[in-house]
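All values below were derived from every heavy atom in this structure, side-chain atoms included, with hydrogens, water molecules and symmetry-related copies excluded. Numbers restart at 1 for each chain; the letters A, B, ... are given by sequence-line order, proteins then strands.
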There are 2 protein chains.
Amino acid sequence: MMSRTKWSSPESREATIATVERETGVSKDTLRVWERRYGFPRPGRDSRGERVYPPEQLEKLRVISRLLDRGMRPGRLMGLPLPELLQRFQAQEPAPPAATGRAAPDGLTPMMDEAIGLLKSDDEVALRTHFARVLLRLGLQRFTVELVGPLNELVGEAWARGQIAVSQEHIYTEQMQHVLRQGIGSIPPGAQSPSVMLTTLPGEQHQLGLLMANICLAAEGARCISLGVQTPAWDIVHAARRQGIDVVGLSFSEALRLKAAYAMLEDLRARLPAEIEIWAGGKLWARAPRPVPGVRFVTLLTQIPGALAARRGSHGRRTEKS
Amino acid sequence: MMSRTKWSSPESREATIATVERETGVSKDTLRVWERRYGFPRPGRDSRGERVYPPEQLEKLRVISRLLDRGMRPGRLMGLPLPELLQRFQAQEPAPPAATGRAAPDGLTPMMDEAIGLLKSDDEVALRTHFARVLLRLGLQRFTVELVGPLNELVGEAWARGQIAVSQEHIYTEQMQHVLRQGIGSIPPGAQSPSVMLTTLPGEQHQLGLLMANICLAAEGARCISLGVQTPAWDIVHAARRQGIDVVGLSFSEALRLKAAYAMLEDLRARLPAEIEIWAGGKLWARAPRPVPGVRFVTLLTQIPGALAARRGSHGRRTEKS
DNA sequence: ATCCACTTTTGTCCAGGACAAATCTGCCAG
DNA sequence: CTGGCAGATTTGTCCTGGACAAAAGTGGAT
């Protein structure tokens, strides 16, 4: 095969359009249309007439790409010089602390602050130890609801404000995953009800939400089967039927588009037998505008016990079955 | 970041050109030029005049894409019907049973068979118990190298042959992840060397490879920091520098396109200081044709001890770094 | 304040042409 | 036969410039 990578020559660190796409995540089409519309980037041309991006422009594009991820718009950014752009990271709002529904109970705030501090100092071993200690003190369920949930948001905000790096956020997720999975492993198995199948739809990659839901459900006596992330709708239907599942639980982070989420949710609802419930959870639904018939929204972890109780009430204690 | 991509309508299983690019790894430009030159694929058009690929064509493209990775040429493949294409896989792959490195030692085959059986019967609790028992008997390292590695391949093959469903493969991954992470949690921490940063590049979502590498490295006395999956190259460079990393370890599954993988590897190598080594691992390199200067390929888990020994030999026993 | 209609912004798609790198082919010398 | 080389063919990527719908912003009426 033509392994024509188009990689910029090793010395002159000048990038081709393919390199820029790979590095910034901005598609070639978009790069060309930006150039046409905003006059930036303005790459040089090589002997063939192909675009050649100097390192400074690549760097600026990287910064712009990250600002776009935070909801800013290209038209306003393209003209600004690099230092100005970098300032935009700081300018992000701290987000009203009370309004988010973030539980700020007891003396947990210092524990969260310590976690953030350890993260910033790249001490992943101490971070894990810290989590383990807090877990021991609070118990698995309180640890999950009162610490992990709020901490996730805190880490997300710190990243958005440029206070921690992408890699540090990755490390946080990884260590927390260890702790939570260890906790799930310690839950005694047993035939309980209802049986809940947990997963996310294609495009949603965040695992922590699933693990947290798993813990809260198991703590209330549900039977959890997790499929991990990104199960195509067809396979969810197939698996739920085959395994005699009562509830399909889906997790949605803010990364997903609202409209795409609705579409997939409605599609799944249409294909799943009516007696199988769908519970949709996650921060995406925090200010959910539109209800979907046959889908229960569980925005917060604390609503899980209520949802289970409601289900058990309506379905009675009888072993349902047609 | 990827929230700027276009989705095909979820229920009509028909794909847009962007979907096909994502699923097959063939770029939009290439798809259009194939259509022009070879008459395949021949997508329909929607009301806007945009291409709409029916599922059969997508499927055929997936097969073609894999054959291209094995060195065949598009001009000869496009006209062939699907069954004919599938035959080309057999014709090409003699795969000497010993050369694959699949350890088939001792009495492990029955254990793997039992695992597959439990998976087929959807008994995820028994599956986890089974793993836990085998782990106890073999020890973490042998469990990883001799059972998990071969079992991964077995599960992949079973899926490819339609013997297990997508959801069952997900359940396998999820349960195995629990077991492996539990194992990693039991490894005593300590300042050891070299320090290895583990992750995958964007587009590679498979976690098991990382976890397995983590175990094998830690077992040989390396210090492992895992970033989880999909870290952009720039962030890898940033984090490796900041944390004083000696080796960046990357995992590549067969899902990634060979060409894209080479491009990203070469790019990362160019941006990373020369004193930081890059080790590339995973099944993708099983028949690696082309070496990359400054990158060590570690196709099999069993090669990890050797790689570490080589590194320690060349870098001496002196505690380099402050 | 909340909702709806209207305007602007923005990303993706399309067509068809061009070109160089990779690969194949046939030929000739050893 | 084997190996190397020049020329022909194959193939992926890049180009331009136009089009359009989804998303985001705006303003007025309730």
To the nearest angstrom, how far is L68(B) atom CG from dT23(C) atom P? 12 Å
Give a yes or no on whether the ring-centroid distance for W285(B) and Y262(B) is below 6.0 angstrom. yes
Between the two end axes of the helix from dA1(C)-dT30(D) to dG30(C)-dC1(D), each built from 5 base pairs, what angle do you get to the nearest 10°? 40°
Checking salt bridge (charged side-chain N to carboxylate O under 4.0 Å, His left out) for the pair E266(A)/R269(A): CA distance, chi angles, key distance, verdict? CA-CA 5 Å; E266(A) 282 163 351; R269(A) 179 66 280 175; over 6 Å; no
Whole angstroms only, please: what is the CZ-P distance between R45(B) and dC20(D)? 15 Å
When rounded to whole Å, the CZ to P distance for the pair R51(B) and dC14(C) reads 4 Å
Taking N and O atoms by type only, does the side chain of R36(A) place a donor or acceptor under 3.5 Å from a partner on the base of dG18(D)? yes
For I64(B) and dT11(D), what is the distance between atoms CD1 and P respectively, to the nearest whole Å? 12 Å
Assign each of I17(A) and G75(B) the nucleotide of DNA chain D bearing its closest heavy atom; nearer the 5' end lies the nucleotide of G75(B)
S27(A) side-chain N/O to dG11(C) phosphate OP1/OP2 under 4.0 Å: no
Nearest-Å distance, CG (D29(B)) to P (dT16(D))? 13 Å
Please indicate whether H206(B) has more than 12 foreign heavy atoms, meaning atoms of other residues, nucleotides or ligands, lying under 6.0 Å from its NE2. no
R45(B), CZ atom: more than 12 neighbouring heavy atoms under 6.0 Å: yes
Would you mind reading off the distance between E35(A) atom CD and dT16(D) atom C1', rounded to a whole angstrom? 11 Å
Heavy-atom nearest nucleotide on DNA chain D for R32(A) versus P74(B): which residue maps closer to 5'? P74(B)
Using a cut-off of less than 4.0 Å, is there contact between a side-chain N or O of K28(B) and OP1 or OP2 of dC13(C)? yes
Quick one: R48(A) CZ to dC15(D) C1', roughly how many Å, whole number? 12 Å
Can you name the closest pair of heavy atoms from W234(B) and R66(A) and give their distance? CZ3-NH2, 3.9 Å
Is the phosphate of dT10(C), meaning OP1 or OP2, less than 4.0 Å from a side-chain N or O of Y38(A)? yes
Between T30(B) and dT13(D), is there a contact of a side-chain N or O with OP1 or OP2 at under 4.0 Å? yes
I need the CZ-C1' distance between R76(A) and dA23(D), as an integer number of Å. 14 Å
Would you mind telling me which of T231(B), V229(B), L256(B), I236(B) makes a side-chain contact (heavy atoms from CB on, under 4.5 Å) with L201(B)? I236(B)
dist L80(B):CG -> R88(B):CZ (nearest 0.5 Å) comes out at 5.0 Å
Tell me if the side-chain of R73(A) makes a donor-acceptor pair with the base of dG25(D), cut-off 3.5 Å, by modelled atom types. no
Distance criterion of 3.5 Å, no angle test: do you see the side chain of R37(B) paired donor-to-acceptor with the base of dG12(D)? yes
